[in-house]
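Have a look at the structure below before the remarks.
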Amino acid sequence: MSRSSYRGRFAPSPTGLLHAGSLATALASWLDAKASQGIWLIRIEDLDTPRLVKGAEQGILQQLAQMGMMSDEGVLYQSERKPQYLEAIHSLNQGRLLYACQCSRKKIAQYIQSHPIPDSQEMVYPGFCRPLEPQICDLDEVNYAIRVRIPKNTIIKGQNLHQEVGDFVILRQDGIFTYQLSVVVDDAAQGVTHIVRGQDLESNTPRQIWLQQQLGLTLPEYLHIPLVVNDSAEKLSKQTKAPIIWPQNSQEALIHLYQAGCHLELGLTKPHVTMTVSEWLNQAVMAWKNRREQRLGFFNTTQ
Ligand code: GLU
């Protein structure tokens, strides 16, 4: 089968091993890439050092390999990409889109509590440090967080970024580059054309598109898949004590894949004991392709 120009990725943060929710996301992004004869990449998002769990990145790669999912190119580690993030920051600064902010989370939270914004889940920054006029920011003031300046009436995918999200942070006070910036820089650097990820990240997409626009980058396509929830309707996560997936053999791997496939509405029957992981994956690719072509289920609602 000939390759297409499709490039997809799975970008886990190694803050813990994969559970049923992150496995479903990994599988969805893998299936979408393979159903398009594309390239699938793994990127380890290991910038938020205080939240990292030792050994988790190796563990995640091992978990994915147990399920038959391997990166088609070398795994990218965000911790090795700091010069590229800094370059993007300099470019935004040239466009007078940045300012330094010294406000503490506490100060912002207190203000927001007394001035709530209806319909917004975000900690919308009240703009205390925002200069009246756009200007070049002194990036040597490393002790401060750096925020982007979102112009009024910036509406992307129906979200009013200025009102509902506000001037967000791209470089934290502790010197850590934020997810919003690094994800945009790396998706572009890796030539990612299609992003398949959980619905919990959908509200981040408009600010990522805004950054792509300011940096003159090509916009990828997005698909957000429904989240796996527990019996209390909570998203599976470390906080909600989601069990880690660690199959002891290919039979167990198949069960996990089958369950992830059920969540993705693939409509496959329970795998027979003699089936191999790669046979199951081939079947799943066909099912995914079919459902995507016919725009069934979440393909019809979440693009
Ligand atoms: N690293 C992010 C996470 O684990 C996902 C990034 C993305 O898919 O955009 O939640």
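Both ligands and their constituent atoms are indexed starting at 1 by order of listing. Predicted model only: the values in this text are computed from it and were never measured.
- Comparing heavy-atom distances from atom 3 (C) of ligand 1 across S13, S237, G16 singles out S13 as nearest.
- Hydrophobic clustering (ILVMFWY, side-chain heavy atoms < 4.5 Å, transitive): F10 and L52 are in distinct clusters.
- Exactly one residue among D186, V185, L181, D187 makes a side chain to side chain contact (heavy atoms under 4.5 Å, CB included) with V183. That residue is D187.
- In this structure, the protein non-hydrogen atom closest to atom 5 (C) of ligand 1 is A11 O, 3.3 Å.
- Looking from atom 8 (O) of ligand 1 to the surrounding protein, the closest heavy atom is R9 NH1, 2.7 Å.
- Near E45, meaning under 4.0 Å from one of its heavy atoms, ligand 1 places the atoms 1 (N), 2 (C), 5 (C), 6 (C).
- Both L215 and I170 are assigned to one and the same hydrophobic cluster, defined by single-linkage of ILVMFWY side chains at heavy-atom distances under 4.5 Å.
- Among all non-hydrogen protein atoms, the one lying nearest atom 10 (O) of ligand 1 is L201 CD1, 4.1 Å.
- Heavy-atom proximity to R197, at under 4.0 Å, picks out these atoms of ligand 1: 7 (C), 8 (O), 9 (O).
- Classified by interplanar angle (parallel below 30°, tilted 30° to 60°, perpendicular above 60°), the ring pair Y111/H115 is parallel.
- Between Q208 and ligand 1 there is no heavy-atom distance shorter than 4.0 Å.
- Between F299 and W288, the ring planes are perpendicular. Angles over 60° get that label, and only those under 30° would be called parallel.
- F10 does not count as a contact of ligand 1, since none of its heavy atoms falls under 4.0 Å from the ligand.
- Of the listed residues (R130, R207, R149, K152), just one forms a salt bridge (charged side-chain N to carboxylate O under 4.0 Å, His left out) with D167, and that residue is R130.
- Salt bridge annotation for K289-D32: absent, with no cationic side-chain nitrogen under 4.0 angstrom from a carboxylate oxygen.
- Heavy-atom proximity to V183, at under 4.0 Å, picks out these atoms of ligand 1: 9 (O).
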